[in-house]
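Here is the structure we will look at, set down as structure tokens.
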Amino acid sequence: MTTTTRFAPSPTGLLHIGGVRTALFSWLYARRHGGKFILRIEDTDLERSTPEAVRVILEGMEWLGLAHDEGPHYQTQRFGRYKEVLAQMLAAGTVYHCYCSKDELDAMRGAQQAQKLKPRYDGRCRHGRGPGAESGRAPVVRFKNPEEGATVVRDVVHGDVVFQNSELDDLIIARSDGTPTYNFCVVVDDADMGVTHVIRGDDHLNNTPRQLNMLLALGHEPPVYAHVPMILGPDGAKLSKRHGAVSVLQYQEEGYLPDALLNYLVRLGWSHGDQEIFSRDEMVKLFDIKDVNKAASAFNPDKLLWLNQQHMMRAEPVTIVPHLRWQLVHLGIEAADDGVLEAIIIAQRERAKTLKEMAENSRFFFGEGVTLDDKAAQKHLTAESRQALQQLASRLRMLPEWTAASIHELVQAVAAELTLSLGKLAQPLRVAVTGGTVSPPIDQTLAILGRERTMNRLLAVLG
RNA sequence: GCUCCCUUCGUCUAGAGGCCUAGGACAUAGCCCUCUCAAGGCUGUAACACGGGUUCGAAUCCCGUAGGGAGCGCCA
């Protein structure tokens with residue numbers, strides 16, 4: 001049987017990094033074992049599912065490069081299949097109709113809670129003590145959970161987890177309007193789709209014994225379960241909109257590389273010795289769901305930032321070009337040639353943590369003129385430094401070859417001739433051509449800028 | 001309330017009874033390098049939740065306690 005995993009988000013909220021990490025684990029596991037990765041949209045909650053959320057899932061997965069081999073399946077398109085299985089179970093007697101009204105159920109729960117008991121359905125319709133068909137109500141369908149014994153979930157990350165069946169009640173698998181519910185759809189889908197490994201958040205661990213019992217009732221072999229810990233916000237509290245629980249696409253906007261985000265996420269709950277930086281291939285080769293930790297982990301934006309820069313510095317510059325262009329376009333800078341972009345990436349990658357920052361720091365490479373920062377100009381463009389710049393400008397004009405190496409040599413030579421420290425010459429030059437005090441090394445900066453633009457900007461300052 | 005899960009530096013983690021004077025990384029502090037900003041290098045601060053066992057020996061095994069989380073829906 002080919003290893004088959006699935007990612008089954010529900011489009012009731014925007015896909016965030018918590019979901020992305022379970023998707024990543026599932027994807028990695030399938031890839032590592034040469035298996036199949038399925039994407040399934042669990043949209044049976046007609047009330048709360050939104051097309052926008054579906055779009056974010058699809059676009060987010062695409063941006064991250066977590067390609068699925070099958071799907072996306074939509075549960076709303078499988079209602080026919082659920083009905084079929086339901087009929088089968090009704091015939092087999094493993095499920096039953098329940099005519100209890102919501103009010104009755106509420107009252108039951110209220111009474112149980114008053115007695116400090118766990119609220120659960122008492123099975124009155126199962127044992128003929130309920131209202132029955134004569135109530136005229138449309139019934140729900142409940143699953144006959146075993147009333148005795150225990151159900152053991154064999155979980156690769158948690159080990160065996162034992163649940164007493166007496167703790168489990170008869171859950172509703174079809175609403176009174178006939179639509180199936182989550183726990184039932186999951187069971188049918190996972191079985192139909194041949195899912196061999198169910199990797200999901202550990203908030204589902206408590207649902208698992210019920211699903212397991214249904215699976216058994218349907219005569220299926222249970223899959224391997226792996227309940228992975230949750231991701232918490234930086235403050236250790238549940239992930240919220242304030243930090244982390246934003247659409248995954250926001251990370252694209254903020255200038256993160258997909259591989260960096262994935263690398264960050266894979267290290268939450270998983271490690272390989274002391275290694276911090278992993279390429280996509282390394283993740284596929286080294287990741288194993290068995291090595292995932294049990295404890296939840298807090299999201300640390302600083303480390304993500306650091307990793308993003310590490311990935312920018314290590315990646316082949318050409319591969320970054322489209323990402324940087326994307327950011328520049330957002331800043332309204334369109335005219336950028338691939339070669340120039342590549343040079344900018346090489347010059348800027350160790351001074352920017354994100355692509356967005358890189359783009360913002362690189363504005364001065366584009367356009368003709370530049371606006372001088374007042375404070376910088378006042379400090380560095382003094383009468384004395386203008387003199388030096390004047391000298392330098394005429395020498396730059398004559399420089400036979402416009403390369404970083406030759407510019408470097410010339411700037412140094414001029415500084416020596418004028419008995420100025422390099423800083424006394426380079427910094428005014430920097431202010432003149434970039435408008436500010438921060439840029440890549442001045443030789444590289446001029447090389448990228450080109451002779452014409454450099455001379456124009458110098459002239460504008462020296463006037 | 002009941003059931004289930006979890007617990008090593010601020011954070012992510014290494015650690016499967018002696019290799020632990022608890023290692024690495026982010027963050028943080030100092031120093032070095034230096035044309036700015038960075039990147040990089042070096043050094044420092046900083047953790048086994050608590051209490052009992054088991055054992056010659058426990059961060060590692062067992063039992064409690066405390067704290068945190070999840071589930072208990074005609075939500076997924």
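As the structure is a prediction and not an experimental result, all values here were calculated from the model.
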Is B/C9 paired to anything, Watson-Crick or G-U wobble with both distances less than 3.5 Å, and if yes, which nucleotide? none
Find the partner of B/U3: check Watson-Crick (N1-N3 plus N6-O4 or O6-N4) and G-U wobble (N1-O2, O6-N3) distances, both under 3.5 Å, and reply none if neither fits.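 Checking every strand shown, B/U3 finds its partner in B/A70, with both distances under 3.5 Å.
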Please check if the distance between the ring centroids of A/Tyr29 and A/Phe37 is under 6.0 Å. no
Hey, would you say the A/Phe184 and A/Phe143 ring centroids sit under 6.0 Å apart?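 Here the rings of A/Phe143 and A/Phe184 have centres that are no less than 6.0 Å from each other.
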Does A/Lys238 put a side-chain nitrogen or oxygen below 4.0 Å from OP1 or OP2 of B/A70?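 True: A/Lys238 side-chain N/O within range (under 4.0 Å) of B/A70 OP1/OP2.
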Once ring-ring contact (aromatic ring centres under 6.0 Å, His included) is applied, do any residues pair with A/His158, and if so which ones, sequence neighbours excluded?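 ring-ring contact (aromatic ring centres under 6.0 Å, His included) check on A/His158 returns nothing, list empty.
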What integer number of Å spans the C1' atoms of B/A70 and B/A76?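 Pairwise C1' distance, B/A70 against B/A76, rounds to 14 Å.
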P-based separation of B/C42 from B/A27 [nearest Å]: 15 Å
On the side chain of [X], is there an atom forming a donor-acceptor pair with the base of [N] - under 3.5 Å, no angle test?
X	N	answer
A/Asn207	B/A76	yes
A/Gln115	B/G1	no
A/Asn206	B/A70	yes
A/Arg430	B/C35	yes

Between A/Asp189 and A/Arg78, does at least one N-O distance fall below 4.0 Å, as a salt bridge requires?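 Looking at A/Arg78 together with A/Asp189, the answer is yes, because their closest N to O distance falls below 4.0 Å.
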Looking for any heavy atom pair under 4.0 Å, which part of the strands does A/Thr12 touch: base, sugar-phosphate only, or nothing?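 Nothing: the residue A/Thr12, judged by heavy atoms under 4.0 Å, touches no strand.
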When all nucleic acid strands are considered with a 4.0 Å heavy-atom cut-off, which category describes A/Glu357: base, sugar-phosphate, or nothing? nothing
